[in-house]
Amino acid sequence: MNKFYLTTAIPYVNGKPHIGHALEYFQADTVRNYHRLLGEETLLLSGADENALKNVQKAEEEGIKVEEFLNRNSKVFEKAFSDLGIKLDVFQRGSDKIRHWPGVQKLWQLCFKNGDIYKKTYGGYYCVGCESFKTEKELVNGLCPEHQKKPELVREENYFFRLSKYQNQLTNLIETNELKIIPENKRAETLSFIKSGLEDFSISRSYQRAHGIGVPVPGDKTQIIYVWFDALDIYMTGIGFGINEKEWNKWWPADLHIIGKDINRFHTVYWPAMLLSAGLPLPKEILIHSFINSGGQKMSKTLGNVIDPFEIANKYGVEALRYYLLSQIPLSEDGDFTIDRFLEIYTADLTNGLGNLAARVAKLSQNNKIKAPNPEQVFDNKLKEYFKNYQFSEALAYLWTKVAEVNREINQRKPWELSGNEAKLTILNLIKEIQYIAFNLQPFLPQTAAKILNQFSGHIEYQSPLFPRIKNS
RNA sequence: CGCGGGGUAGAGCAGUGGCAGCUCGCGAGGCUCAUAAUCUCGAGGUCCUGGGUUCGAAUCCCAGCCCCGCAACCA
């Protein structure tokens with residue numbers, strides 16, 4: 001049996017899940033459902049990146065222990081999945097000393113043995129207020145713009161990863177699509193970034209500066225493994241890397257990482273380089289989604305245009321939100337979400353489109369006492385094509401042309417004027433078409449598809465609307 | 001010389017050289033199985049501006065204006 005292992009990005013838990021996370025999670029679940037329906041064994045992983053100074057700062061601000069802070073915030077993200085109707089197989093936390101830490105240290109050692117980890121003194125302007133380094137460009141009149149303080153010139157010895165060594169190898173892997181980056185414009189960005197020249201990056205912090213939080217560097221108690229060299233490993237430690245080789249071997253390499261455009265570099269450059277250094281297989285595909293604006297602008301509290309996905313899901317249903325995000329947000333460009341637009345799409349596509357179609361065919365079937373045939377269990381070839389490049393919106397638009405076709409067909413044939421065998425054959429055909437749409441819809445809207453398939457099996461009855469009309473308030 | 005995306009009907013978008021398209025919304029008509037749903041027809045566009053190339057440009061080139069991101073050890 002084929003396997004399909006995919007991951008969402010590992011969110012940084014300092015903050016709340018937003019609509020961009022919802023988009024990513026729906027995309028991941030859709031891909032997973034598709035592969036599962038193809039008969040493959042699937043595993044969907046997410047997790048929490050808990051290694052960051054900001055977490056420490058935030059916890060201190062709130063006056064609670066770091067551990068408590070992490071527990072609480074990670075739960076919020078884990079819960080986001082179930083709130084969105086998605087079942088994860090693994091939620092791997094970065095603070096997990098039993099499952100995560102051994103794998104991180106193992107990866108470190110593999111890279112170290114290969115000579116790609118070395119010590120270097122790193123100097124820079126360090127703002128105590130921000131607890132982070134500032135580049136000279138960021139400073140205004142030599143002061144930190146946020147704190148109006150003069151940053152200290154700090155020198156610290158850290159471990160670095162020899163990223164520069166992998167420039168040619170990475171270029172080649174991406175150009176040959178051995179490491180496939182989707183969509184094309186993100187792939188081009190990565191390539192141009194690599195060609196502009198790669199610099200080694202630091203992968204550790206002093207124990208002091210990290211406040212002792214994080215995975216210790218093997219053999220050096222004064223240093224803690226930092227951010228990317230820790231967080232990315234979750235994709236492997238979550239499936240047993242470092243503690244359960246059998247499990248890890250079964251699933252690795254990942255078939256797909258789904259991420260946002262902000263962390264493109266780390267996934268398409270740093271991560272593959274780390275794996276190359278360690279002599280491990282690379283993920284096969286990386287799908288990069290863009291951001292969601294509201295009314296053409298970045299969502300911000302100040303503008304008051306922030307859309308809370310959980311509020312929408314509560315009010316109008318998870319699958320309505322899911323439909324909007326999968327169908328209206330383009331793959332390669334930033335998308336837009338406003339309530340007005342959402343309601344328009346809801347009414348046009350779900351209420352008037354799919355929902356009404358199911359209702360009218362159900363009533364026709366009921367009136368004529370037609371029993372449903374068994375649905376055909378094969379995906380549409382066009383849909384399969386769309387899945388190759390994860391063209392969710394194109395796939396849904398295609399399915400909705402089927403909805404329109406069936407509506408047209410009903411109006412042309414006027415089954416309500418027919419009787420006997422003629423009525424039966426006509427309506428039977430309509431039922432088959434609905435089943436076909438529902439079967440193909442399963443990856444995208446699993447609950448809705450299941451409802452339709454269930455309604456159109458055996459004895460067919462008219463039921464309450466799939467998508468109740470939303471009255472204009 | 002930082003890098004990139006974008007400016008096409010009221011709204012959201014597709015369209016990379018050959019009579020300007022899609023969805024929603026809007027108007028008129030038809031139908032009654034259906035959630036005032038569906039179906040047919042229609043109105044609506046200086047394709048950001050100014051030059052240029054071409055028999056022909058939304059589409060290629062040059063200049064400019066406007067909007068939005070990113071600017072590597074920071075998720």
Side-chain angles (χ1 to χ4, degrees), chain A residues 9-15 48-55 120 122 124 130 132-135 137-138 158-161 163 185-186 188-189 192-194 196-205 226-229 231-232 259-266 269-270 290-291 293 295-298 327-328 330 332-338 340-341 343-345 347-368 393-394 397 400-401 403-404 406-418 423 426-427 430 462 464-471:
Chain A
I10 305 302
Y12 180 62
V13 298
N14 171 25
D49 170 15
E50 303 179 316
N51 175 357
L53 291 179
K54 274 184 194 154
N55 289 329
K120 192 172 94 176
Y122 175 64
C130 301
S132 66
F133 284 96
K134 299 282 166 192
T135 62
K137 278 184 196 167
E138 283 175 315
N158 294 137
Y159 288 95
F160 275 70
F161 177 76
L163 182 66
N185 62 344
K186 300 296 187 296
E189 272 173 32
S192 91
F193 170 66
I194 294 173
S196 75
L198 297 179
E199 290 172 21
D200 298 348
F201 63 102
S202 88
I203 54 175
S204 76
R205 290 290 182 271
Y226 197 61
V227 186
W228 291 108
F229 210 90
L232 291 162
I259 60 166
K261 68 177 184 181
D262 52 333
I263 50 177
N264 179 344
R265 278 172 197 174
F266 308 106
V269 181
Y270 290 26
S290 293
F291 290 167
N293 297 320
Q297 283 176 299
K298 204 169 170 174
S327 70
Q328 302 301 311
S332 52
E333 310 294 335
D334 285 357
D336 204 82
F337 192 116
T338 59
D340 285 352
R341 179 98 181 119
L343 293 177
E344 263 180 32
I345 294 296
T347 302
D349 289 3
L350 299 177
T351 304
N352 297 349
L354 183 64
N356 181 59
L357 178 64
R360 63 195 303 212
V361 176
K363 194 58 173 282
L364 286 167
S365 306
Q366 182 180 308
N367 290 350
N368 289 275
S393 60
E394 287 82 352
W400 254 254
T401 65
V403 172
V406 181
N407 268 325
R408 262 199 299 280
E409 195 181 325
I410 297 176
N411 282 41
Q412 277 163 15
R413 301 242 173 140
K414 307 187 197 306
W416 54 90
E417 288 178 359
L418 306 176
T426 304
I427 296 168
L430 296 175
Y462 179 82
S464 58
L466 289 169
F467 297 99
R469 185 163 300 278
I470 297 166
K471 287 154 200 115

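Protein chains get the first letters and strands the later ones, always in sequence-line order, with residue 1 at the start of each.
- Every residue meeting the salt bridge (charged side-chain N to carboxylate O under 4.0 Å, His left out) condition with Glu344(A), not counting sequence neighbours, appears here in chain and number order: Arg341(A).
- At a cut-off of 3.5 angstrom, the base of rA34(B) holds at least one donor-acceptor pair with the side chain of Asn356(A).
- Here Ile263(A) lies in heavy-atom contact (under 4.0 Å) with sugar-phosphate atoms only.
- Separating the CD1 atom in Ile194(A) from the CZ atom in Arg265(A) is a distance of 10.5 Å, to the nearest 0.5 Å.
- Atom name C1', nucleotides rC13(B) and rA20(B): the rounded distance is 14 Å, in whole Å.
- With distances taken from any side-chain atom of Arg360(A) to the nucleotides rU38(B), rU40(B), rA72(B), the minimum falls on rU38(B).
- Of the C1' atoms belonging to rA71(B) and rC47(B), the separation is 32 Å, rounded to the nearest Å.
- Counting to the nearest Å, the P atom of rC24(B) and the CD1 atom of Ile470(A) are 17 Å from each other.
- Between Leu364(A) and Leu430(A), the closest heavy-atom pair is CD1-CD1, 4.4 Å.
- Under the 3.5 Å distance criterion, the side-chain polar atoms of Ser393(A) are left unmatched by any main-chain donor or acceptor of Gln328(A).
- Every side chain to side chain contact (heavy atoms under 4.5 Å, CB included) that Lys261(A) has, sequence neighbours left out, goes to Lys186(A), Ile288(A), Ser290(A), Phe291(A), Asp334(A).
- Across rG21(B) and rG2(B), the matching P atoms stand 42 Å from one another, rounded to whole Å.
- Within the 4.0 angstrom heavy-atom criterion, no nucleotide atom of any strand lies near Phe161(A).
- Here the P atom of nucleotide rC33(B) and the CD atom of Gln366(A) are 13 Å apart, to the nearest Å.
- Separating the CG atom of Asp336(A) from the P atom of rC13(B) is a distance of 6 Å, rounded to the nearest angstrom.
- Counting any heavy atom pair closer than 4.0 Å across all strands shown, Arg469(A) reaches a base atom.
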Every protein N/O lying under 3.5 Å from an N/O of nucleotides 27-31 of chain B:
none

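- Only the C1' atoms considered, rA58(B) is 7 Å distant from rU8(B), to the nearest whole Å.
- Here Gly197(A) lies in heavy-atom contact (under 4.0 Å) with a base.
- Across all strands shown, rC70(B) forms a Watson-Crick or G-U wobble pair with rG2(B), both key distances being under 3.5 Å.
- In this structure, the side chain of Asp200(A) does not engage the main chain of Phe160(A) through any donor-acceptor pair within 3.5 Å.
- Among rC24(B), rA72(B), rG6(B), the nucleotide with an atom closest to any side-chain atom of Glu333(A) is rG6(B).
- Taking the P atom of each, rA9(B) and rU49(B) are spaced 11 Å apart, rounded to whole Å.
- Here rC13(B) presents its P atom at 12 Å from CD of Glu344(A), a figure rounded to the nearest Å.
- Closest to the side chain of Thr351(A), out of rG12(B), rA34(B), rU35(B), is rU35(B).
- Residue contacts shown for Phe193(A) include a base, since a base heavy atom lies under 4.0 Å away.
- Of the inter-residue distances, the one linking Asp49(A) atom CG with Ile10(A) atom CD1 reads 8.0 Å to the nearest 0.5 angstrom.
- Base pairing annotation: rC31(B) forms no Watson-Crick or G-U wobble pair, as no partner gives both donor-acceptor distances under 3.5 Å.
- Of the C1' atoms belonging to rC24(B) and rC3(B), the separation is 35 Å, rounded to the nearest Å.
- Nearer the 5' end of RNA chain B, as judged by each residue's closest nucleotide, is the contact made by Phe291(A), out of Ile203(A) and Phe291(A).
- Under the 30°/60° scheme for interplanar angles, the aromatic rings of Phe161(A) and Phe229(A) are found to be tilted.
- At a threshold of 4.0 angstrom between heavy atoms, the contacts of Pro465(A) include nucleobase atoms, whether or not backbone atoms are also involved.
- Side chains of Leu354(A) and Trp400(A) form a contact here, defined as non-hydrogen atoms less than 4.5 Å apart.
- Taking every side-chain heavy atom of Asn367(A) into account, rC33(B) is the closest of rC33(B), rC39(B), rA72(B).
- In this structure, Glu199(A) reaches the bases: a heavy-atom distance under 4.0 Å links it to at least one base atom across the strands shown.
- Distance Asp349(A) CG to rU38(B) P: 10 Å, rounded to the nearest Å.
- Of the candidate nucleotides rU38(B), rA34(B), rC33(B), rC33(B) has the atom lying nearest to any side-chain atom of Ile410(A).
- Among the protein residues, Leu466(A) comes within range of the nucleic acid bases, having at least one heavy atom under 4.0 Å from a base atom.
- What separates CD of Glu189(A) from P of rA71(B) is a distance of 12 Å, to the nearest Å.
- Rounded to whole Å, the distance from CG on Leu232(A) to P on rA72(B) is 18 Å.
- To the nearest 0.5 Å, the span separating CG on Leu350(A) from CG on Leu466(A) amounts to 9.5 Å.
- If you check every strand for non-hydrogen atoms under 4.0 Å, Ala359(A) touches a base.
- For rG45(B), there is no paired nucleotide, since no Watson-Crick or G-U wobble pair has both relevant distances below 3.5 Å.
- When the P atom is compared between rG56(B) and rG10(B), the two are found 30 Å apart, to the nearest whole Å.
- Between the P atom of rC70(B) and the NZ atom of Lys261(A) lies a distance of 7 Å, rounded to the nearest Å.
- Between rG52(B) and rU59(B), the two C1' atoms lie 15 Å apart (nearest whole Å).
- Distances from the side chain of Arg341(A) to the nucleotides rA72(B), rG12(B), rA37(B) place rG12(B) closest.
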